[in-house]
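See below for the structure under consideration.
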Amino acid sequence: MVLGAIFLTGANFFLVWIPVLIRQTMDRVEQLSENNYQVPDRILETLFTTEAAEVLGWNSLILIGTVFMYGVLLFATRQTLIVTSRKVEFDIRNDIVNKLMKLPQSFYSRYSSGEVYVRATEDVNKVREYYGPVIMYSINTITRAGFVLTMMFLVNTELTLWALLPLPLISFFAYWITGFIHRHSTIIQEQYSVLAGRAKETFSSIRLIKAFNRLEYEQNRFEKESESYRVKKLRLDMIESLFHPGLNFLIGISLIIVIWKGGEMVIAGTLTIGNIAEFLIYVAYLIWPVAALGYTTNRFQRSLASWERISEILNLDAQIENKEEPITKEVEGAIEFRNVSFKYPETEELVLKNLNLKIHPGENVAIVGRTGAGKTSLVQLIPRLFDPVKGNIRLDGIPLKDWSLEKIRESIGFVPQETFLFSDTIGENIAFGVQGASQKMIEDSAEKAQVKDNILDFEKKFKTMLGERGITLSGGQKQRTAIARALIKDPKILIFDDSLSAVDTKTEDAILKHLRSELSGRTTIMISHRISTIKDADMIYYIEEGQIVESGTHENLLAGKGHYFDMYNKQMLEEELAEI
Ligand code: CTP
Ligand code: MG
């Protein structure tokens with residue numbers, strides 16, 4: 001940046017000599033022409049006298065040299081300052097993404113994805129502008145005004161004061177209009193996000209809209225937003241069209257003052273014609289820096305506001321992080337909850353209350369309970385997607401906080417309740433579980449999850465695209481793909497959160513049979529609403545309102561005639577009814 005400032009100062013140094021050279025040339029030409037006043041075709045005549053040729057030739061050469069130096073230095077300035085700002089932008093953006101990856105889930109429930117996106121793009125761009133244009137224009141304004149004003153005062157103080165008279169007006173005008181443009185652009189930007197968000201929502205739920213016969217309603221709603229966007233945009237366009245004519249008008253006034261007052265002085269004999277030309281160019285030189293003063297003040301304020309928004313993110317505490325020298329040894333798979341209480345950051349109510357649970361390595365555990373009881377919340381604590389508010393969780397007898405996060409997460413195969421698949425090939429979706437998975441690993445885990453036959457039925461097999469630009473899998477196929485993704489990791493701990501809910505009981509049996517041979521030696525936690533899925537588990541826990549209210553094997557629990565027994569009876573009854 002210092003280098004850029006030096007280049008820019010140099011460029012402006014050369015710039016101020018251009019009017020001086022023009023003045024000298026004009027004055028010389030005038031002198032020469034006065035001597036030849038009798039000749040009708042004055043200019044032609046002067047050009048052919050040797051003295052004139054000398055004056056014009058030399059001055060032109062020097063002028064070209066000066067302009068060339070100015071150009072070279074200006075190029076060097078942009079190359080240093082703008083390139084620097086791009087590098088700053090690159091660093092900030094990487095820092096933000098790095099931070100975003102680590103921020104706790106609570107962050108994502110506080111900020112919408114749109115807001116996060118704007119900070120990582122728009123705001124970073126505005127901060128870049130600070131390092132680029134704002135600094136560049138500021139240095140330019142200072143150095144150029146310094147040189148030009150010095151020259152002007154040296155030539156004629158009175159005319160300088162006259163010429164400067166309208167300049168503050170230009171600065172103020174630029175400040176006012178860029179401020180207005182900025183405020184309106186922000187509003188328009190917001191309106192645009194609303195519009196884009198609405199369109200996105202509409203098209204991703206197009207089936208629902210058609211099924212509910214809401215086409216016209218949606219169309220009207222969109223049209224209304226679109227109209228509001230149009231009106232706002234037109235208002236901005238009008239103000240923007242005012243900018244240049246307004247600026248030119250003020251510039252015109254300055255120039256007229258110089259010619260008027262300068263003219264008077266020439267007539268009075270205190271100034272030459274060349275001086276007027278010189279002054280006109282000086283005033284023109286000052287216009288942009290003076291306008292930039294207003295413009296950069298605005299930009300500077302925006303950059304500052306953006307920087308505040310960015311640093312808010314950068315200064316957030318990641319909360320769930322590795323401590324120094326975390327444990328990275330191999331995981332055996334013993335999990336223990338000790339008096340664990342947990343609540344979500346955005347609510348007050350405890351979702352898990354003083355919960356105790358001990359799972360031995362290789363044990364096959366099931367968790368059942370009504371919807372909203374806290375099953376998903378419980379298993380999310382194991383890979384530390386959240387931390388408990390009270391109590392602690394131990395893995396192999398060591399508190400989770402002492403383990404390396406990467407080690408814990410690497411050792412857990414998690415099949416979440418809501419299946420998410422990327423818009424990528426089905427093979428890549430399965431391979432997501434590990435880095436550098438081979439085709440054989442992908443196929444093996446698809447086989448174990450009972451989804452391989454389905455995949456082979458697709459025309460492009462494992463290369464079948466999913467999601468927006470591809471096919472949509474059925475609910476059960478999705479779930480099994482997610483299971484394959486967890487199995488490919490060959491993890492010590494497997495967590496299935498209601499992961500067989502969308503497959504029929506026959507397929508479920510097949511998966512479970514495969515898993516059982518696969519699962520030996522692995523700790524498994526299986527959440528389910530279906531007793532058939534979990535009745536063979538080593539241990540079943542029944543959760544109600546964040547507490548374990550019953551535990552035991554299937555037979556134990558039935559004999560206890562409690563909640564589990566009721567649940568079992570209800571499901572048996574439903575099955576019988578279904579058979580009728
Ligand atoms: N909850 C919440 N904030 C979240 C997720 C859940 O406040 N981000 C609340 C839910 O409203 C619910 C409680 O936490 O009251 C337990 O939710 P969960 O653990 O997801 O319940 P599950 O037992 O998993 O219910 P289901 O069987 O329906 O999956
Ligand atoms: Mg759940």
Side-chain angles (χ1 to χ4, degrees), residues 100 102-116 316 318-320 335 337 339-357 359 365-391 393 400 412-421 475-476 478-480 482-483 485-486 493-503 505 508 524-535 537 539-551 557 562-568 570-571 574:
L100 285 174
K102 288 184 185 150
L103 283 176
Q105 288 309 108
S106 56
F107 170 81
Y108 290 97
S109 41
R110 199 145 30 97
Y111 294 88
S112 71
S113 52
E115 257 176 300
V116 173
L316 279 178
Q319 287 176 21
I320 300 184
I335 300 167
F337 280 61
N339 302 320
V340 169
S341 294
F342 171 69
K343 73 170 195 65
Y344 285 99
E346 61 274 20
T347 57
E348 285 310 311
E349 206 195 339
L350 283 182
V351 175
L352 299 177
K353 296 164 198 153
N354 215 11
L355 189 131
N356 284 290
L357 179 70
I359 303 170
V365 168
I367 298 175
V368 292
R370 281 216 215 111
T371 167
K375 304 182 292 295
T376 300
S377 311
L378 187 152
V379 292
Q380 277 181 357
L381 301 183
I382 303 172
R384 285 191 78 192
L385 299 183
F386 293 94
D387 274 341
V389 291
K390 267 219 308 269
I393 301 171
L400 273 187
I412 298 177
F414 192 93
V415 188
Q417 188 163 22
E418 272 160 36
T419 315
F420 180 84
L421 297 175
K478 271 190 204 155
Q479 278 192 337
R480 281 173 285 145
I483 292 176
R485 176 164 68 193
I493 301 169
L494 267 168
I495 302 173
F496 288 74
D497 190 352
D498 215 7
S499 310
L500 296 167
S501 58
V503 297
T505 35
E508 181 182 22
T524 7
I525 303 176
M526 197 167 274
I527 296 176
S528 179
H529 284 275
R530 233 164 32 202
I531 298 241
S532 61
T533 317
I534 50 95
K535 62 179 188 312
M539 196 67 172
I540 300 169
Y541 295 94
Y542 190 97
I543 295 203
E544 177 120 323
E545 294 190 355
Q547 283 173 314
I548 296 177
V549 291
E550 286 172 25
S551 59
L557 287 174
H563 296 287
Y564 185 82
F565 178 73
D566 292 343
M567 183 176 159
Y568 177 75
K570 228 197 251 154
Q571 288 192 10
E574 274 167 14

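Ligands are counted one by one from 1 in listed order, and the atoms in each one are counted from 1 as well. Treat the numbers as computed from the prediction; the structure is a model and nothing was measured.
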Worksheet, complete the sentence: Nearest non-hydrogen protein atom to atom 18 (P) of ligand 1, with distance, is S377 OG, 3.5 Å
Practice prompt. Provide, to 0.1 Å, the distance between atom 29 (O) of ligand 1 and the closest protein heavy atom, together with that atom's residue and name.
Written response: Q417 NE2, 2.6 Å
Worksheet item: Counting distance only, does the side-chain N/O of E550 pair as donor-acceptor with the main-chain N or O of Y564 below 3.5 Å?
Response: yes
Discussion item. Tell me whether Q571 contacts the main-chain N or O of S532 through its side chain, where contact means a donor paired with an acceptor under 3.5 Å.
Written reply: no
Item to complete: Among all protein heavy atoms, pick out the one at the shortest distance from atom 20 (O) of ligand 1; state its residue, atom name and that distance to 0.1 Å.
Response: T376 CB, 3.5 Å
Discussion item. Regarding S377, does it place an N, O or S atom less than 2.8 Å from the Mg ion (ligand 2)?
Written reply: no
Discussion item. Within the 4.0 Å heavy-atom shell around H529, which atoms of ligand 1 are there?
Written reply: 27 (O)
Worksheet entry | Heteroatom test (N, O or S) for T376 near the Mg ion (ligand 2), limit 2.8 Å | yes
Fill in: Element-labelled atoms of ligand 1 that are located less than 4.0 Å from some non-hydrogen atom of V351
13 (C), 14 (O), 16 (C)
Item to complete: Return yes when at least one protein heavy atom is under 4.0 Å from atom 3 (N) of ligand 1, and no when none is.
Response: yes
Discussion item. Which residue and atom name correspond to the protein heavy atom nearest atom 28 (O) of ligand 1, and how close is it?
Written reply: T371 OG1, 2.6 Å
Worksheet item: In terms of side-chain geometry, is the basic nitrogen of E545 or R370 positioned less than 4.0 Å from the acidic oxygen of its partner?
Response: no
Worksheet item: Would you say the side chains of N354 and S341 form a donor-acceptor pair under 3.5 Å?
Response: no
Practice prompt. Answer yes or no: are there more than 12 heavy-atom neighbours, outside K343 itself, under 6.0 Å from its atom NZ?
Written response: yes
Practice prompt. Determine yes or no for a side-chain-to-main-chain donor-acceptor pair under 3.5 angstrom, with K375 supplying the side chain and G369 the backbone.
Written response: yes
Worksheet item: Is there a donor-acceptor pair closer than 3.5 Å between any side-chain N or O of N356 and the backbone N or O of N339?
Response: yes
Item to complete: Using only heavy-atom distances, determine whether the side chains of S499 and Q479 contain a donor-acceptor pair under 3.5 Å.
Response: no
Fill in: Is_contact(atom 10 (C) of ligand 1), protein non-hydrogen, under 4.0 Å
no
Fill in: F386, F342, Y108, Y344: member with heavy atom nearest to atom 5 (C) of ligand 1
Y344
Worksheet, complete the sentence: Here the atoms of ligand 1 under 4.0 Å from any heavy atom belonging to G372 are 12 (C), 13 (C), 15 (O), 16 (C), 21 (O), 22 (P), 23 (O), 25 (O), 26 (P), 28 (O)
